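This report refers to the structure that appears directly beneath it.
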Amino acid sequence: MARGAYRYFQRIPTRWMDNDIYGHVNNAVYYSYFDTVINAWLIAHAGLDIHGGAHIGLCAESHCKFLAPIEFPKTVEAGLRVDHLGRSSVRYGVGLFVEDQPAPAAEGWFVHVFVDRAARTAMPIEDPMRAALATLLVGLRK
């Protein structure tokens with residue numbers, strides 16, 4: 001998808017250690033970029049308290065389609081949107097773009113289920129977080 005399909009972007013510098021023996025960022029690192037853009041956004045814009053909050057988001061599902069290599073020392077521009085906002089879960093769409101390139105190097109999705117930190121049981125997404133997530137929502141599914 002093009003950059004216009006995403007509601008928020010975060011720049012993530014690649015690191016020397018991200019490259020593998022083949023000279024490009026290892027596929028497992030792409031998922032760390034997904035985690036970074038999602039959780040940084042939740043902390044900064046949706047009030048997620050990763051250290052002491054009563055609710056936390058656990059990854060229930062994820063997928064990544066690799067389209068082009070990313071290499072150190074490039075900067076990744078991670079695009080984020082919300083494709084579906086459920087009662088206790090959210091499905092994000094993520095696009096990874098290499099500095100100012102129009103086409104993504106990777107695109108995928110990531111599902112968070114929000115749970116009680118102690119009991120690990122699903123909990124409804126709290127209203128302030130739901131309102132924040134709604135600003136990233138695309139399409140008609142809410």
Side-chain angles (χ1 to χ4, degrees), residues 1-117 120-142:
M1 292 193 172
R3 286 176 176 270
Y6 301 93
R7 302 285 190 253
Y8 172 80
F9 282 88
Q10 178 171 336
R11 294 174 59 83
I12 304 170
T14 59
R15 305 165 304 167
W16 175 255
M17 66 184 278
D18 294 344
N19 273 14
D20 62 21
I21 192 74
Y22 303 112
H24 60 264
V25 170
N26 185 271
N27 61 309
V29 177
Y30 287 55
Y31 285 101
S32 75
Y33 300 152
F34 283 20
D35 264 337
T36 297
V37 68
I38 291 165
N39 288 295
W41 186 90
L42 287 170
I43 292 164
H45 301 282
L48 179 65
D49 179 354
I50 60 171
H51 299 292
H55 300 112
I56 57 172
L58 299 180
C59 179
E61 234 180 311
S62 63
H63 170 80
C64 184
K65 181 178 182 181
F66 302 95
L67 302 168
I70 299 173
E71 302 166 348
F72 176 83
K74 299 291 185 185
T75 297
V76 172
E77 295 170 347
L80 181 65
R81 66 174 187 266
V82 168
D83 291 330
H84 178 73
L85 187 52
R87 184 185 79 80
S88 61
S89 66
V90 58
R91 179 176 165 145
Y92 308 94
V94 181
L96 302 180
F97 297 82
V98 175
E99 302 175 87
D100 302 318
Q101 294 297 311
E107 54 190 14
W109 43 264
F110 186 103
V111 176
H112 256 159
V113 174
F114 287 89
V115 301
D116 178 88
R117 178 184 293 273
R120 295 296 203 255
T121 55
M123 302 294 295
I125 298 171
E126 295 174 318
D127 290 340
M129 182 174 285
R130 177 176 294 284
L133 287 165
T135 68
L136 298 178
L137 194 61
V138 297
L140 301 174
R141 295 169 54 179
K142 292 186 183 178

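No experiment lies behind these values; they were computed from the predicted model shown. Only heavy atoms go into these numbers, but all of them, side chains included; no hydrogens, no water, no symmetry mates.
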Minimum heavy-atom separation for [X] to [Y], with atom names?
X	Y	value
Ala134	Leu85	N-CD2, 4.1 Å
Ala5	Val138	O-CG1, 4.0 Å
Asp83	Tyr92	OD2-C, 4.0 Å
Ile12	Ala78	CD1-CB, 3.9 Å
Ser89	Val113	CB-CG2, 4.1 Å
Met1	Phe97	O-CZ, 3.7 Å

- Task: Any chance you could lay out the side-chain contact (heavy atoms from CB on, under 4.5 Å) test for Thr36 and Gln10, step after step, and finish with the verdict?
- Result: CA-CA 9 Å; Thr36 297; Gln10 178 171 336; 3.9 Å; yes
Minimum side-chain heavy-atom gap [X]-[Y] below 4.5 Å:
X	Y	result
Tyr8	Val37	yes
Trp109	His63	yes
Phe9	Arg3	yes
Leu58	Arg120	yes
Ser88	Met123	no

- Assess whether side-chain contact (heavy atoms from CB on, under 4.5 Å) is satisfied between Leu136 and Trp41, documenting all intermediate values. CA-CA 10 Å; Leu136 298 178; Trp41 186 90; 3.6 Å; yes
Under 3.5 Å, is there a donor-acceptor pair between the side chain of [X] and the main chain of [Y]?
X	Y	answer
Thr75	Glu99	no
Arg117	Gly53	yes
Arg130	Gly86	yes

- Message: Please determine whether side-chain contact (heavy atoms from CB on, under 4.5 Å) holds for the pair Phe72 and Met17, giving the CA-CA distance in whole Å, both sets of side-chain angles, and the decisive distance to 0.1 Å.
- Response: CA-CA 9 Å; Phe72 176 83; Met17 66 184 278; over 6 Å; no
- Arg11: what forms a salt bridge (charged side-chain N to carboxylate O under 4.0 Å, His left out) with it, not counting sequence neighbours? Glu77
- Task: Can you sort out the partners of Arg15 under salt bridge (charged side-chain N to carboxylate O under 4.0 Å, His left out), two or more places apart, ordered by chain and number?
- Result: Asp18
- Query: Is the His112 ring parallel, tilted or perpendicular to the Phe110 ring (thresholds 30°, 60°)?
  - Reply: perpendicular
Can you tell me how far apart [atom1] ([X]) and [atom2] ([Y]) are? Round to the nearest 0.5 Å.
X	Y	atom1	atom2	answer
Ile56	Leu48	CD1	CG	9.0 Å
Leu80	Leu96	CG	CG	10.5 Å
Glu107	Phe66	CD	CZ	11.5 Å
Ile70	Asn19	CD1	CG	10.5 Å
Arg91	Ser62	CZ	OG	10.5 Å
Arg7	Leu133	CZ	CG	13.5 Å

- Item | Full working for side-chain contact (heavy atoms from CB on, under 4.5 Å) between Met129 and His55 | CA-CA 11 Å; Met129 182 174 285; His55 300 112; over 6 Å; no
